[in-house]
Student: 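The structure under discussion is supplied below as structure tokens; questions concerning it will follow.
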Amino acid sequence: MNTQNYWLMKSEPDVFGIEDLKNAPKQTTMWEGVRNYEARNFMRDKMKIGDGVLFYHSNVTPPAIVGTAIISSNSYPDPSQFDSESEYADPKSTEEKPRWYLVNVTFKSRFKRAITREELQSHPILSEMMLFKRNRLSITPVSEEEWNSIHKILEE
DNA sequence: GCCAACGTTGGC
DNA sequence: GCCAACGTTGGC
């Protein structure tokens, strides 16, 4: 059964931007540090290898979708939760009962031009994205129609 | 840098 | 189990 999904994943470019992903070993990173249950559930329960990702730069001017990536692993416990040195350490989490999960994300493309949040908001289809309904959620599902609209815009 | 939105924590 | 206090996200 084909269950290709699409996602939008936010990252602050000052912390880890799409160039960092492009330059990473194997152009792949662990999407560590997500500490929100809803976002975790998407990674843990819904993401599949091969799913498409819209890579979104947050907390910058202007916020924008800047490229794409691919989900490249199944979910597994986020190692940083067990690392007391890490800012993502969670003392309430144990190896037997991990609280936080992540997936690997692999670079796919950098757009020739960023598609800004403002541009998305002015688009009849893309203005309905969950991104705008759940403003603070760092991972949101993207419909196939939305995914196709993004790529259509890029061809113009 | 401000602050609204909203998720989490913890006292009761 | 409620909810006030608190902390964080992220657009602006």
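This is a predicted model, so every value here is computed, not measured. A, B, ... follow the sequence lines: proteins, then strands. Residue 1 opens every chain.
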Student: I want to verify a distance call: between dT8(B), dG10(B), dG11(C), whose nearest atom is closest to the K92(A) side chain?
Tutor: dG10(B)

Student: With under 30° as parallel and over 60° as perpendicular, where do the rings of F16(A) and W31(A) fit, or are they tilted in between?
Tutor: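 Perpendicular, since the angle between the ring planes exceeds 60°.
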
Student: OP1, OP2 of dT9(C) versus side-chain N and O of K10(A): anything below 4.0 Å?
Tutor: no

Student: Quick one: label N59(A) by what it contacts on the DNA or RNA (base, sugar-phosphate, nothing), any heavy atom closer than 4.0 Å.
Tutor: base

Student: Just checking Y56(A): base, sugar-phosphate only, or nothing, at a heavy-atom cut-off of under 4.0 Å?
Tutor: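 The residue Y56(A) makes sugar-phosphate contact but no base contact.
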
Student: Round to the nearest Å and state the distance from D90(A) atom CG to dT9(B) atom C1'.
Tutor: 13 Å

Student: Give the nucleotide from the list dT9(C), dG10(B), dC12(C) with an atom nearest to the side chain of R136(A).
Tutor: dT9(C)

Student: Figure out the CD/C1' separation between Q121(A) and dG10(C), and round it to whole Å.
Tutor: 13 Å

Student: How close or far is atom C1' of dT9(C) from atom CZ of R117(A), stated in whole angstroms?
Tutor: 11 Å

Student: Carefully, step by step, assess W100(A) and Y76(A) under the rule ring pair (Phe, Tyr, Trp, His ring centres under 6.0 Å).
Tutor: CA-CA 8 Å; W100(A) 305 110; Y76(A) 58 98; over 10 Å; no

Student: From the list dG7(B), dG11(C), dG10(C), which nucleotide is the closest neighbour of the side chain of S138(A)?
Tutor: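 Looking only at side-chain atoms, S138(A) lies closest to dG10(C).
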
Student: Please tell me which of N135(A) and R99(A) maps to the more 5' nucleotide of DNA chain B, matching each residue to the nucleotide holding its nearest heavy atom.
Tutor: N135(A)

Student: By the 4.0 Å heavy-atom rule, please label R35(A) as base, sugar-phosphate, or nothing.
Tutor: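 The residue R35(A) makes no contact with any strand.
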
Student: Rounded to the Å, how far apart are F132(A) CZ and dG10(C) P?
Tutor: 13 Å

Student: Does K26(A) have more than 12 heavy atoms from other residues, nucleotides or ligands lying within 6.0 Å of its NZ?
Tutor: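 No, the 6.0 Å shell around NZ holds no more than 12 heavy atoms from other groups.
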
Student: Would you indicate whether E144(A), at its atom CD, is surrounded by more than 12 heavy atoms from other residues, nucleotides or ligands within a distance under 6.0 Å?
Tutor: no

Student: When the distance from OH of Y37(A) to C1' of dT9(B) is rounded to whole Å, what number comes out?
Tutor: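 Computing the Y37(A):OH to dT9(B):C1' distance gives 11 Å.
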
Student: From CG of L137(A) over to P of dG10(C), roughly how many Å is that when rounded to an integer?
Tutor: 9 Å

Student: Has E12(A) got more than 12 heavy atoms of other residues, nucleotides or ligands less than 6.0 Å from its CD?
Tutor: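 Yes, CD of E12(A) has more than 12 neighbouring heavy atoms, counting only those of other groups under 6.0 Å.
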
